[in-house]
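Accompanying notes for the structure given below.
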Amino acid sequence: MGILDDKAVLITGAASGIGEATALAAHAEGARLLLCDLDATRGEQVAQRIGDGVQFVACDVTDEEQVAALVARAEEELGGLDGAFNCAGILGTLGLVGDTDYADWRRIVDVDLHGVFLCTKHEIKAMAPRGRGSILNMASAAGLIGWAGAAGYVAAKHGVVGLSKAAALDYADQGLRINAICPSYVETPMVADLFENLLGGDQAAVDAARANHPIGRFAQPAEIAAACVWLLSDKASFVTGTAMSVDGGYTAP
Ligand SMILES: NC(=O)c1ccc[n+]([C@@H]2O[C@H](COP(=O)([O-])OP(=O)(O)OC[C@H]3O[C@@H](n4cnc5c(N)ncnc54)[C@H](O)[C@@H]3O)[C@@H](O)[C@H]2O)c1
């Protein structure tokens with residue numbers, strides 16, 4: 001018996017990192033899956049690797065028409081929608097607020113906040129008539145505290161936390177649970193890119209980031225996926241409107 005046995009689950013950003021790890025974990029717990037990502041090549045490969053019957057649809061979460069079609073496809077292929085994990089996101093361009101290009105700012109907020117809003121909106125429309133469902137939105141520790149040099153990302157992730165809490169209140173009496181998850185540093189391609197390209201391979205910066213985790217290391221994607229699967233499942237039946245930290249103590253001080 002898996003904790004997602006027979007649940008129909010949609011995961012965005014599933015071609016890589018935390019989304020991919022959650023797809024694997026959800027499949028292992030019995031979910032029927034529709035995966036989505038902007039990267040069609042990797043997304044198809046991930047779906048095939050996870051197993052028979054796991055489907056993939058290419059979709060840009062910033063495009064409302066594509067998101068509406070994605071959710072309709074999930075309902076059609078999976079026979080309804082029980083759970084959704086809106087994980088697609090980007091780190092975007094880093095820099096001081098005064099040096100931030102408006103187009104760069106808009107791109108981050110578009111993907112990380114507006115994309116999550118569009119998915120949440122259409123998933124609610126699919127779930128509300130059935131009177132049940134669990135939506136999990138990817139925020140970040142940066143949705144709870146500030147990060148120097150990352151105002152767009154921080155603003156978008158704080159927005160995801162606020163959106164999730166407000167939506168949870170809107171639909172709590174209709175059987176829907178809506179939550180956000182807030183990891184700190186997780187060893188994914190996004191963080192590898194941060195360390196290698198954006199920070200120029202600065203080992204002191206990597207060590208400082210690690211030292212800010214009381215647990216003494218960064219997370220593995222599977223450790224975030226375990227929490228996501230639980231939040232999507234009926235095991236979390238009394239959990240809604242929360243922004244759950246899974247961060248090795250990063251935001252505890
Ligand atoms: N890695 C971390 O340390 C960390 C920590 C906290 C939160 N997060 C968040 O977790 C999520 C996943 O991050 P990750 O580290 O696994 O990154 P990742 O880069 O490994 O995966 C992100 C995926 O999202 C997809 N994507 C990007 N824009 C998209 C769009 N417009 N439409 C559809 N798909 C799109 C990418 O193609 C990619 O496959 C992001 O929202 C990120 O902000 C990551």
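Owing to the predicted nature of the structure, the values given are computational and were not obtained by experimental measurement. We count ligands from 1, going down the list as the structure has it; atoms in each ligand are counted the same way.
Every atom of ligand 1 is numbered from 1 in the order shown, and the set under 4.0 Å from a heavy atom of Y153 is 7 (C), 8 (N), 9 (C), 42 (C), 43 (O). Atoms of ligand 1 lying under 4.0 Å from at least one heavy atom of D60, given by number and element, are 30 (C), 31 (N), 32 (N). For ligand 1, the atoms sitting less than 4.0 Å from at least one non-hydrogen atom of Y185 are 3 (O), numbered in the order shown with element in parentheses. Atom numbering of ligand 1 starts at 1 in the shown order; those under 4.0 Å from a heavy atom of A139 are 7 (C).
Tracing side-chain contacts under 4.5 Å through hydrophobic residues (I, L, V, M, F, W, Y), one never reaches V67 starting from V9; they form parts of separate clusters.
Both the backbone and the side chain of I18 come within contact range of ligand 1, each with a heavy atom under 4.0 Å. Under 4.0 Å from ligand 1, not a single heavy atom of C36 appears. At a 4.0 Å heavy-atom cut-off, ligand 1 touches V61 through backbone and side chain alike. Residue-level proximity to ligand 1 for C59 is carried by the backbone, the only part with a heavy atom below 4.0 angstrom. When non-hydrogen atoms are compared, ligand 1 lies under 4.0 Å from the side chain of K157 (C-beta onward) but not from its backbone.
The closest approach between any non-hydrogen atom of E20 and ligand 1 is not below 4.0 Å. Contact analysis puts P183 in contact with ligand 1, with a non-hydrogen atom separation below 4.0 angstrom.
Between E29 and K7 the shortest side-chain heavy-atom distance does not fall below 4.5 Å. Between R132 and D82, the closest side-chain pair of non-hydrogen atoms falls below 4.5 Å.
By the 3.5 Å distance cut-off applied to N or O atoms, L38 is counted among the residues near ligand 1.
Counting only distance, with no hydrogens or angles, the side chain of D112 and the backbone of Y153 share no donor-acceptor pair below 3.5 Å.
Of the options G17, A192, A209, G89, the smallest heavy-atom separation from atom 22 (C) of ligand 1 is shown by G89.
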